[in-house]
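Please read these numbers as outputs of a predicted model, since none were measured by experiment.
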Amino acid sequence: GEACFSKRFSEEWLFRATLRNSLRASLAARRSAWLRVPDVLRADYRDLRIDYELMADWQPLHTILRRRAFAGLDPSELHRIFWTIGAALEELHRHTHRIHGDFDFDNVLVKPGAERVLFVDFTPPEYANFRRYNAASPYRDIAMLLLFVRAKYPPQQLHLALRPQLTGLARA
């Protein structure tokens with residue numbers, strides 16, 4: 001009856017790995033000052049489906065980044081959002097001793113004015129062809145985010161769009 005987001009899996013190992021990662025991240029979020037993770041509402045082992053809490057009023061980070069005006073956000077709000085993403089990522093790593101593994105700006109959700117950021121999609125990424133991929137270095141998550149930004153934006157456009165905030169965002 002309640003609104004939820006459902007994710008189905010074609011393989012049992014992928015279902016189990018995602019469920020385990022999601023529950024681990026959810027426990028970390030409960031101990032975090034900066035991180036929010038959608039709650040797992042139900043896990044259907046027969047249907048290989050996980051139902052998550054619906055986070056309807058949150059938007060992927062890419063919706064802010066893709067607009068050259070950064071969704072009209074004040075530079076101090078942009079700084080706060082990026083600082084919060086870094087703090088939340090550090091807490092995820094510290095509380096779970098795991099990395100996200102697929103940390104791109106489609107899996108980071110924000111809500112202007114919110115005190116936390118939301119991380120979603122703890123499904124092992126395509127490169128995760130080894131069992132303990134998410135026990136890798138936390139720098140892999142940071143590198144993944146930077147690679148996605150560089151791949152999805154020509155560097156000159158990114159630089160032009162970010163020029164006024166470049167120093168502050170780098171520090172964040």
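H62 and F105 make their closest contact through CB-CD1, 3.0 Å (heavy atoms, listed as atom of the first residue, atom of the second, distance). In this structure, V117 and T84 approach most closely via the heavy-atom pair CG1-CG2, 3.8 Å. Residues I99 and P138 share a closest heavy-atom pair of CG2-CA, 3.6 Å. Across all non-hydrogen atoms, the minimal contact from V37 to S22 is CG1-O, 4.4 Å. Of all non-hydrogen atoms in R42 and C4, the two that sit nearest each other are NH2-SG, 3.7 Å. Annotation for A3 and L41: closest pair O-CD1, 4.4 Å, computed over non-hydrogen atoms.
The ring pair (Phe, Tyr, Trp, His ring centres under 6.0 Å) test with F103 singles out one residue from Y139, F119, F122, and that residue is F119. Applying side chain to side chain donor-acceptor pair (under 3.5 Å) to D141 and the options H100, R98, H93 leaves one that passes, H93. The side chain to side chain donor-acceptor pair (under 3.5 Å) test with K7 singles out one residue from T18, T123, D51, and that residue is T123.
Here the CG-CZ distance, from L145 to R140, works out to 14.5 Å after rounding to the nearest 0.5 Å. Taken to the nearest 0.5 Å, the CG atom of L19 stands 12.5 Å off from the CZ atom of R49. D121 CG to N21 CG: the interatomic distance, rounded to the nearest 0.5 Å, is 10.0 Å. Here the CG atom belonging to D47 is positioned 9.0 Å from the CZ atom belonging to F15, to the nearest 0.5 angstrom. For the atom pair CD of E53 and CZ of F5, the computed distance is 13.0 Å after rounding to the nearest 0.5 Å.
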Side chain to side chain contact (heavy atoms under 4.5 Å, CB included) evaluation trace for L61 with I85: CA-CA 10 Å; L61 182 60; I85 291 168; 3.7 Å; yes
Evaluation steps, side chain to side chain contact (heavy atoms under 4.5 Å, CB included), between Y52 and V40: CA-CA 5 Å; Y52 294 96; V40 173; 3.8 Å; yes
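Using a 4.0 Å cut-off between a side-chain N of Lys or Arg and a carboxylate O of Asp or Glu, D39 and R30 qualify as a salt bridge.
The shortest distance between side-chain heavy atoms of S32 and L92 does not fall below 4.5 Å. Counting heavy atoms from C-beta on, the side chains of S10 and L48 never come closer than 4.5 Å.
The hydrophobic clustering, which links ILVMFWY residues whose side-chain heavy atoms are closer than 4.5 Å, places L27 and I50 apart. Under a hydrophobic-cluster definition in which Ile, Leu, Val, Met, Phe, Trp and Tyr are linked whenever side-chain heavy atoms come within less than 4.5 Å, directly or via other members, I142 and F82 are assigned to the same cluster. Cluster annotation: L89 is connected to V108 through the hydrophobic network of ILVMFWY side chains, with a link wherever side-chain heavy atoms come within less than 4.5 Å.
Under the side-chain hydrogen bond (donor to acceptor under 3.5 Å, both in side chains) criterion, R80 pairs with E77, not counting sequence neighbours.
When atom types are taken as modelled, the side chain of R36 and the backbone of L109 share no donor-acceptor pair closer than 3.5 angstrom.
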